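Quick caveat, the model's predicted, so the values are computed rather than measured. The chains referred to below are lettered A, B, ... by the order of the sequence lines, with proteins before strands, and numbering in each begins at 1.
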Amino acid sequence: MGGSTPESEKILKSLDQRQREAVQTVAGPLLILAGPGSGKTRVLTSRIAYLIAVAAAHPSQILALTFTNKAAREMQSRINALLPSGGTRGITMGTFHSVMARLLRMELRDGWLPGYTAKFSIYDTGDSERMIRQIIKDLHIDKKRVEPRRIRAVISRQKNMMISPAAFEQHARTPDNKLIAQVYHVYEKALHGANALDFDDLLLKPLELFRRHPKILDKYRRRWRHVHIDEYQDTNLVQFRLSHLIAQEHRNICVVGDDAQSIYAFRGADLRNILNFKDSYPEAKVVMLEQNYRSTATIVRLADRVIKHNVQQVKKTLHTDNDEGAPVELIELETGQEEAEAAAKKILGHCSRVGAAFRSLPQYDYRDCAILYRTNAQSRNFEECLRAEGIPYRVVGGVSFYQRKEVKDALAYLRLLVNPDDRSSTLRVINYPRRCIGLRTQEKLADYARLHELSLWEALNRIPKLPVGAREKRVLGDFHSLIAQHQARLTSEPPHEVAKDLLKMSGLLAEIAKTGTDLARKKVDNVQEVISAIAQYTQDMQTGTLDAYLQSVALLTDADEGKDTANKVTLMTLHASKGLEFKVVFIGGLEDELFPSSHALRDADPKKLEEERRLFYVGITRAERHLYLGRAKSRLMFGSTRRFQLSTFVRELDDDLIRESSSANPTSTLRGQHLGGGLARSFSSPKRRQAFGMPAKAPRLPAPVGSGRRYTAEIRPGVRVRHPTFGDGRVVSIKGLRGDPREATVLFDNRGHKNLVLAYARLRVLG
DNA sequence: GTCTGGGGAGTTTTT
DNA sequence: CTCCCCAGAC
């Protein structure tokens, strides 16, 4: 193994001693405990390349599980770069969920799991919730008592812990849990009846498959001789069992993770996987990677101090040889808008030629900057400010392409083609667009189906027998033949052609286009894009089937879409930032109840608080050179302005770690730079503001509305405004503070009076 | 039975 | 703004 070849030289060249040790351990269990910025992705990719180049493993023997699809793609291309001869094709790489979905698609063809076919639908959280809502209705449960959202979460948690409906029912003590157990039962049956798998099933079903059919397990044990799992701290019990089943015989399993970066406990991630790795693999070699190559010493020190406040953790000492770098700045301002402006100014300071030159710092690209926040809702302020400043940006998450309503509707039609038993999709489109199949008729259909243990589609196959009137039979028949016809065509014609026709014939495209607005056109374009995506995906007819497309699309996440090639500032949640790095990072909303979230504070559960602190740690360690922490003293939340205290996470830190600063005016940052180590005071108090030549009162909410610099403050009675769908009109009255109106009554020239919530309606002031 | 429109509520994080 | 619910019109 020690033999040195040109390829192994190349692979090992860029690594330090510890990293090399990890890479060269090619057999047996290996646990790599890697701090942030320690080059763990590099180690993982080098190790895989090394296995292929030096240890002569065949690529197809390698299984590499990543946290996101994007990480898998990146890893693939990095490995290819290390192995100029190529030959990496055949590596099984992807997220746990996507790899298992592919496996199921292969194996379910032969009916290994009764009732499921290879054309199963994948239900996302929304679909699951929809099902649960339906079940609650059927069971006549009062929705006020246990809301569907919570039920879904509880059920998911049980599935993550491999607790069956029966087992959950046995241990259910509270009336709520007894109710949920009941729903859980029906939910599982409904999924099965719909030939559908939720996210948890994508992992549970392979487990079941392996248990029931040792032959299949054996096949994969022999196939995947080298198992790699990245972000191991965020795996759950099912994932542990799965990987253990595959690896326990050959024991070539390499896991990489950092307990301090575990931020997905709410989703079932179980730290015991990484903490107790040695229990399952006592002979495991452990390599600690503690040197940080990413961030300045200042940032590393801050991260280290933050995480020291957690009791629950493996002792690790982060260190770095990097330079001190700039101080971390805490920016305290009055409102969320000002905070967003400060972020924009800071970014301009780094990315504009003037700003960078003034500070005699290297000029960065927009793509080197990121704004991170706790909740998706916080992106709005930042977006508006960046737009007003003309700074290009992209928002990761939020409403991503595949989450838009029109896209989901289109996908529901297509899912129905592939898997007609798909109940959630049926209910979604059976009366959309309107075809006179009302709730009563749907109920009767569902009742009939339940009585005879049929799926909705199977019930539709027996329309003459349904207990509905003649008119209803006709409309149901029309719907049935619409789907059936296109389904038949799918066997002989290209999928995108069939999809195009179905979306047209169903009336969906016309329904979306109906209003004729710009927004409508955009929605139509989105649906067209789905059709072209299918065309592209199914070009390779070997693997590119419509069902494969639909299944892969269900597993796409916001973090996967990013085209990093575009020179734009990245906006995303702290969760989505995991694994990424940026030269300049701005973390916004460092206030109690926002970050840490109210949930973590309210429950006074140290575990939850510690997870939030780890999230802060993750955010801090994304920064390579410059880190800014933003905080607003009051913030608009749920429609009213509330005061917030500085985040516990900042208060608990020693003062010398962070420098206070303010960028309420553009030069203050620049000035602050020349103060050296000294403390630039916060500009938030009137006295201080005046001392720095600023108006004593903080300017009132300059909230830009829509594109351009239109502020809600300008909206007052008598003003002419334009609405994207209602056209022009005149403001009659406003609700809320003067200068900070919340709602406006507008008399439109063609539409009469409308009440508009300004936070949502994209009103533009005319003139 | 079905459709329309007004009213009310909704925001942690996500494979 | 979007989703859901409910009353009342057709």
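- Residues Thr648(A) and Asp592(A) have side chains that bring a donor and an acceptor to within less than 3.5 angstrom of each other.
- Rounded to whole Å, atom P of dT15(B) lies 17 Å from atom CG of Asp201(A).
- The NZ-C1' distance, from Lys473(A) to dG1(B), rounds to 16 Å in whole Å.
- For the pair Arg631(A)/Phe644(A), no side-chain contact is recorded, criterion being any heavy-atom separation below 4.5 Å from C-beta on.
- Nucleic acid contact for Lys578(A): none, since no nucleic acid atom lies under 4.0 Å from a heavy atom of the residue.
- With distances taken from any side-chain atom of His575(A) to the nucleotides dT14(B), dT11(B), dC3(B), the minimum falls on dT14(B).
- The listed nucleotides are dT2(B), dT15(B), dC4(C); the one nearest the side chain of His97(A) is dT15(B).
- Closest to the side chain of Phe266(A), out of dT15(B), dC3(B), dT13(B), is dT13(B).
- Side-chain N/O atoms of His599(A) include one lying less than 4.0 angstrom from OP1 or OP2 on dT12(B).
- Closest to the side chain of Ser597(A), from the set dC4(C), dT12(B), dT2(B), is dT12(B).
- The residue Glu472(A) sits close only to the backbone: its heavy atoms come under 4.0 Å of sugar-phosphate atoms, none of a base.
- Among the atoms of the strands shown, none is found under 4.0 Å from any heavy atom of Arg614(A).
- Among the atoms of the strands shown, only primed sugar atoms or phosphate atoms (P, OP1, OP2) are found under 4.0 Å from some heavy atom of Arg440(A).
- Each of Phe595(A), Tyr264(A), Phe67(A) was compared with His575(A) under the ring-ring contact (aromatic ring centres under 6.0 Å, His included) criterion, and only Tyr264(A) meets it.
- Listed candidates were dT2(B), dT13(B), dT4(B). Nearest to the side chain of Arg434(A) is dT4(B).
- No contact: Ser98(A) has no heavy atom under 4.0 Å from any strand.
- Residue-level contact check: Tyr264(A) touches the backbone only, with heavy atoms under 4.0 Å from sugar-phosphate atoms and none from bases.
- Across dC5(C) and dT11(B), the matching P atoms stand 14 Å from one another, rounded to whole Å.
- The side chain of Thr573(A) lies closest to dT14(B) when the candidates are dG1(B), dT14(B), dT12(B).
- Listed candidates were dT15(B), dT14(B), dT11(B). Nearest to the side chain of Phe199(A) is dT15(B).
- Nucleic acid contact class of Asp200(A) (heavy atoms, under 4.0 Å, all strands): none.
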